[in-house]
Engineer: 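Can you read through this structure? Questions will come right after.
Naming convention: chains lettered A, B, ... in sequence-line order (proteins, then strands); numbering from 1 in each chain. All values below come from the heavy atoms of this structure, side chains included, with hydrogens, waters and symmetry mates left out.
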2 protein chains.
Amino acid sequence: MIGFGHHEAQGAFRALADPTRRDILLLLSEDDMTIGEVVERFDITRAAVKKHLTILEEGALISVHASGRERINRLEPLGLKSVAEWLSYFNQFWDKRLQALRVAIEKEESEK
Amino acid sequence: MIGFGHHEAQGAFRALADPTRRDILLLLSEDDMTIGEVVERFDITRAAVKKHLTILEEGALISVHASGRERINRLEPLGLKSVAEWLSYFNQFWDKRLQALRVAIEKEESEK
DNA sequence: TTAATATGATGCCAAATGGTATCATGTCAA
DNA sequence: TTGACATGATACCATTTGGCATCATATTAA
């Protein structure tokens, strides 16, 4: 393994287990949104959306920024890195051909 | 998006949400194992391990092969691909530098 | 100041989860 | 054939989860 500290990915894995939360992440990848704006896109109550956002925040997949009486929810793509890194271990099993490429990426990473 | 049919990743995401199940996947990446062999590595009952293996199988992350009175559990790395693909959409957000490389990989995939 | 608006907090509920203990079944070997 | 062994199936339990309705709080704008 190269230089990755495994930043406790449990919160992220937990957050990703729910399809609504994954959809929220896709939404937020297009634009930062208030809770109200997120709610408009789903058929569930604001309380339910709020719970999802809390779990996403606990998993470090989004951040929340107060702005007056609104709270802006922003995607934190870095949070997904821990998941991607955990997963990358298995790349060698599903496609040997990509392994050389992966090594090249890790090498580039370590030279940052 | 290129040629990925989104192979219903929900089962895989659900399976990955539990840390014991992720550990089981790491175990099975080293070697195929019977339930009994898996149980030896954890401090939970065989019934609990069996439940985890069932969920992993439902998520297409492992396959089970009867062999006499034993049942061999085998890692199915392809099952992780749907997760990796879902995740890959976010690569552009956490590291623009990898995007060109990702495109190259997708191109190679589509030429299979 | 005061009403409207955006959000947070709480309590409740049904279903899913992760675990246990116990019992049933199937297969191997003496 | 029959006992030992590997596994599967069930019933039960406490906790978590995803949802709702309702109430409380804070900020904006008239």
Engineer: Please state how far atom CD in B:Glu40 lies from atom C1' in D:dC5, giving the value in whole angstrom units.
Structural biologist: 14 Å
Engineer: Below 4.0 angstrom from OP1 or OP2 of C:dG8, is there any side-chain N or O of A:Lys50?
Structural biologist: yes
Engineer: Can you check the A:Asp18 CG to D:dT17 P distance for me, whole Å?
Structural biologist: 11 Å
Engineer: Under 3.5 Å, side chain of A:Ser67 to main-chain N/O of A:Glu70, donor-acceptor pair present?
Structural biologist: no
Engineer: Which is more 5' along DNA chain D, the nucleotide nearest A:Ala48 or the one nearest B:Ile72? Just name the residue.
Structural biologist: B:Ile72
Engineer: Would you say C:dT20 has OP1 or OP2 under 4.0 Å from some side-chain N or O of B:Thr45?
Structural biologist: yes
Engineer: Any side-chain heavy-atom pair from A:Phe42 and A:Leu27 closer than 4.5 angstrom?
Structural biologist: yes
Engineer: Nearest to the A:Arg46 side chain among C:dT7, D:dG8, D:dG18, which nucleotide is it?
Structural biologist: C:dT7
Engineer: Should the side chain of A:Arg69 and the base of C:dT5 be counted as holding a donor-acceptor pair, with the cut-off at 3.5 Å?
Structural biologist: yes
Engineer: Would a 4.5 Å heavy-atom cut-off, applied to side chains only, mark B:Ile35 and B:Arg71 as touching?
Structural biologist: no
Engineer: Please give, in whole Å, the distance from D:dG19 P to A:Ile24 CD1?
Structural biologist: 9 Å
Engineer: Closer than 3.5 angstrom, by distance alone: can the side chain of A:Glu37 be matched with the main-chain N or O of A:Thr34 as a donor-acceptor pair?
Structural biologist: yes
Engineer: Take the protein atom CD of B:Glu70 and the nucleotide atom P of C:dA29, then report the distance between them rounded to whole Å.
Structural biologist: 10 Å
Engineer: Restricting to non-hydrogen atoms, name the atom on B:Arg22 and the atom on B:Leu16 that form the minimum distance, rounded to 0.1 Å.
Structural biologist: NH1-O, 2.7 Å
Engineer: Take atom CG of A:Asn73 and atom C1' of C:dT7, then tell me their distance rounded to the nearest Å.
Structural biologist: 11 Å
Engineer: If each of B:Gly36 and A:Arg21 is mapped to the nucleotide of DNA chain D with the nearest heavy atom, which maps nearer the 5' terminus, i.e. the 5' end?
Structural biologist: B:Gly36
Engineer: Check this one for me: any side-chain N or O of B:His52 less than 4.0 Å away from OP1 or OP2 of C:dT17?
Structural biologist: no
Engineer: Atom CZ of B:Arg14 to atom P of D:dT17: distance rounded to whole Å?
Structural biologist: 14 Å
Engineer: Quickly work out the A:Glu58 CD to D:dG18 P distance and round it to whole Å.
Structural biologist: 11 Å
Engineer: B:Thr20 side chain N/O closer than 4.0 Å to the phosphate oxygens (OP1, OP2) of C:dG18?
Structural biologist: no
Engineer: Can you tell me which nucleotide in D:dA21, C:dT7, D:dG8 comes closest to the side chain of B:Ile35?
Structural biologist: D:dG8
Engineer: Taking only N and O in the side chain of A:Arg71, is any of them less than 4.0 Å away from OP1 or OP2 of C:dA6?
Structural biologist: no
Engineer: Taking atom P of C:dC13 as reference, at what distance in whole Å does atom CD1 of A:Ile44 sit?
Structural biologist: 21 Å
